[in-house]
Q: 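Below are the structure tokens for one structure; questions will follow.
For clarity, every value in this text was computed on a predicted model and none was experimentally measured. Order of listing sets the numbers, starting from 1, for every ligand and every atom in it. These values consider heavy atoms only, across backbone and side chains, with no hydrogens, waters or symmetry-generated copies.
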Amino acid sequence: MPATVLVVDDERNIQLTLSRALSMEGYAVETASGGREALEKLAALPVDVVVMDVRMPDLDGLAVLQKARETRPELPVVIMSGHGSIDTVRSAFKLGAFDYLEKPITEKEKLLVAVKNALALESLRAENAALRRAAGQLEMIGGGAAMQRLFDLVRRTAPSEGRVLITGENGTGKELVARAIHEQSRRRDRPFVKLNCAAVPAELIESELFGHERGAFTGAVAARRGRFEQADGGTLFLDEVGDMPAAMQAKVLRVLQEGELERVGGQQTLRCDVRVVAATNKDLQAEVAAGRFREDLYYRLNVVPIHTPALREHKEDVPELAARFLGEACERNGRRAMRLGREAIAALQTHDWPGNVRELRNLVERLAILCDGPEIGADDVVAMLPGARRPRGDRLRAGAAFHELVEEAEREIVLAALEAHQDSVSDTARALGLERSHLYKKMRALGIKRGAE
Ligand SMILES: Nc1ncnc2c1ncn2[C@@H]1O[C@H](COP(=O)(O)OP(=O)(O)OP(=O)(O)O)[C@@H](O)[C@H]1O
Ligand SMILES: [Mg+2]
């Protein structure tokens, strides 16, 4: 299908000349004689590029551009102006115009090149967006208050140039947050480069960070750009930063301080413009106190701290997360669509998720593969997730025997109390106001084996 160009000009003969030139190149051409008509056509037709005069009687080109941004933020617009007013041109670019042509347009070649470039950019953008969607990675889920606070912080932080330190347990979405910050920043069209600080062999640290020249050391058969150079203009994600070896800490600190680096074996000093986002599941302040992490580096990295909450702190998001993962898992494994029953979801919410969202995602994938039938029930969940329980409400409705329910409640109470007292039976008995021997008997009856003297 040919790309569609919308030509907007109030002068009929200019409209015709431009349309003819574009049609001859094989484009589908639409025309509008004023700003209002242009907006109507934009709303109605699948326009790929706009070529538009600035001066028009009803609504000028800048106003149209601004309006169009609201519904089609990515639409490339080429502005034409005969008045050479530098202010107009500047305003147009500020509003996100793609290119500018001076009237009269005597060489149609210039017009064609501008349109072709605009289309190339647009298709690159579309491709990028599609890739991101396909990776299914970037969209974070979480309608609950804790996640909304996180998203809000990300939204406010991303457009700045501030360094960010993301902390949180395993599987809580630290990498997703790092990518979201990049995607919402001005650097989004430049690279996002990830470096796992815990996994760089000691002898390769420098070359990994700064690159090397050919022949710099044995095995350096070709020159190579380091991570900082690869990320130039973009974002460098230092993952597992709490596990960065001391030698590497010193080198990273130097680049952050000076914004300069040299490749291994290189003579030249290279400037690099990189925004660093770091993440760790360690308590970095404690690492500093223990002398394992440099304090000066810590302060340089921790300009904006962002914490990703553990899943047990926002269980209200479990239903939405589980539903999304189930949909993806069914599709990935070529299974017919399934759903989680209400009791199954309640059972998922009884679990504490030490592995956080990653653990939930893996469990749901297992359920999608192993369960039959369109609806996953609480029993399926309990069978595959040790530690999860059927919700009591469900069993009450199902008419479970009184003694079973009491027993279940007793088990819950005893287990929680044991946990609170580090498995000491004496302390637990005292806390519950029971004789120690009585508690022992109870534990035996309930099949609870833990407990230290
Ligand atoms: N809010 C969320 N919405 C959707 N998916 C999520 C969310 N949080 C985490 N995930 C998914 O959970 C998995 C783990 O996320 P991620 O790798 O970002 O965690 P992490 O904190 O970097 O973990 P680790 O410390 O183990 O590296 C990924 O598959 C990610 O897509
Ligand atoms: Mg991670």
Q: Check ligand 1 against L176 and write out every atom of the ligand that is under 4.0 Å from a heavy-atom position of the residue.
A: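 With L176 as reference, the close atoms of ligand 1 come out as 5 (N), 6 (C), 7 (C), 8 (N), 9 (C), 10 (N), 18 (O), 30 (C), 31 (O).
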Q: Pull out every atom of ligand 1 sitting under 4.0 Å from any heavy atom of R361, numbered as shown with elements.
A: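 It comes down to these atoms of ligand 1: 11 (C), 28 (C), 29 (O), 30 (C), 31 (O).
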Q: I need the atoms of ligand 1 closer than 4.0 Å to a non-hydrogen atom of M147, numbered in the order shown.
A: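 Within the 4.0 Å cut-off of M147, ligand 1 contributes 1 (N).
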Q: Is the shortest heavy-atom distance from the side chain of L311 to the side chain of L360 under 4.5 Å?
A: yes
Q: Out of all atoms in ligand 1, which are within 4.0 Å of some heavy atom of L321? Include the element for each.
A: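 So the answer, numbered in order with elements, is 2 (C), 3 (N), 4 (C).
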Q: CG of D48 to CD of E30: how many Å apart, nearest 0.5 Å?
A: 11.0 Å
Q: In terms of side-chain geometry, is the basic nitrogen of E161 or R275 positioned less than 4.0 Å from the acidic oxygen of its partner?
A: no
Q: Quick one, N196 with D239, criterion side-chain hydrogen bond (donor to acceptor under 3.5 Å, both in side chains). Give me CA distance, side-chain angles, the key distance, then yes/no.
A: CA-CA 5 Å; N196 184 344; D239 202 6; 5.4 Å; no
Q: Going by distance only, is there an N or O of V357 that falls short of 3.5 Å from an N or O of ligand 1?
A: no
Q: Has ligand 1 got any nitrogen or oxygen that is less than 3.5 angstrom from a nitrogen or oxygen of N281?
A: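 In fact, backbone or side chain, N281 has no N or O that close.
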Q: Please determine if E365 and R332 form a salt bridge, counting it only when a charged side-chain N lies under 4.0 Å from a carboxylate O.
A: yes
Q: Is the contact between T308 and ligand 1 made by the side chain, the backbone, both, or neither, using heavy atoms and a 4.0 Å cut-off?
A: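 No part of T308 is near ligand 1 at this cut-off.
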Q: Are D152 and R149 ion-paired here, with the side-chain N under 4.0 Å from a carboxylate O?
A: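 A salt bridge is absent here (no side-chain N lies under 4.0 Å from a carboxylate O).
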Q: Of the options R312, K282, K174, which is the one that meets E169 in a salt bridge (Lys or Arg N to Asp or Glu O under 4.0 Å)?
A: R312
Q: Quick one: do R324 and E328 make a salt bridge, cutoff under 4.0 Å?
A: yes
Q: Have a look at G142, A178, G168, G173 and point out the one with the heavy atom closest to atom 15 (O) of ligand 1.
A: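 Nearest heavy atom to atom 15 (O) of ligand 1 lies in G173.
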Q: Going by the order shown, which atoms of ligand 1 are within less than 4.0 Å of some heavy atom of M140?
A: 1 (N), 3 (N)
Q: Are any of the N or O atoms of D239 closer than 3.5 Å to those of ligand 1?
A: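 Not met; the criterion fails.
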Q: Provide the number and element of each atom of ligand 1 under 4.0 Å from a heavy atom of F325.
A: 5 (N)
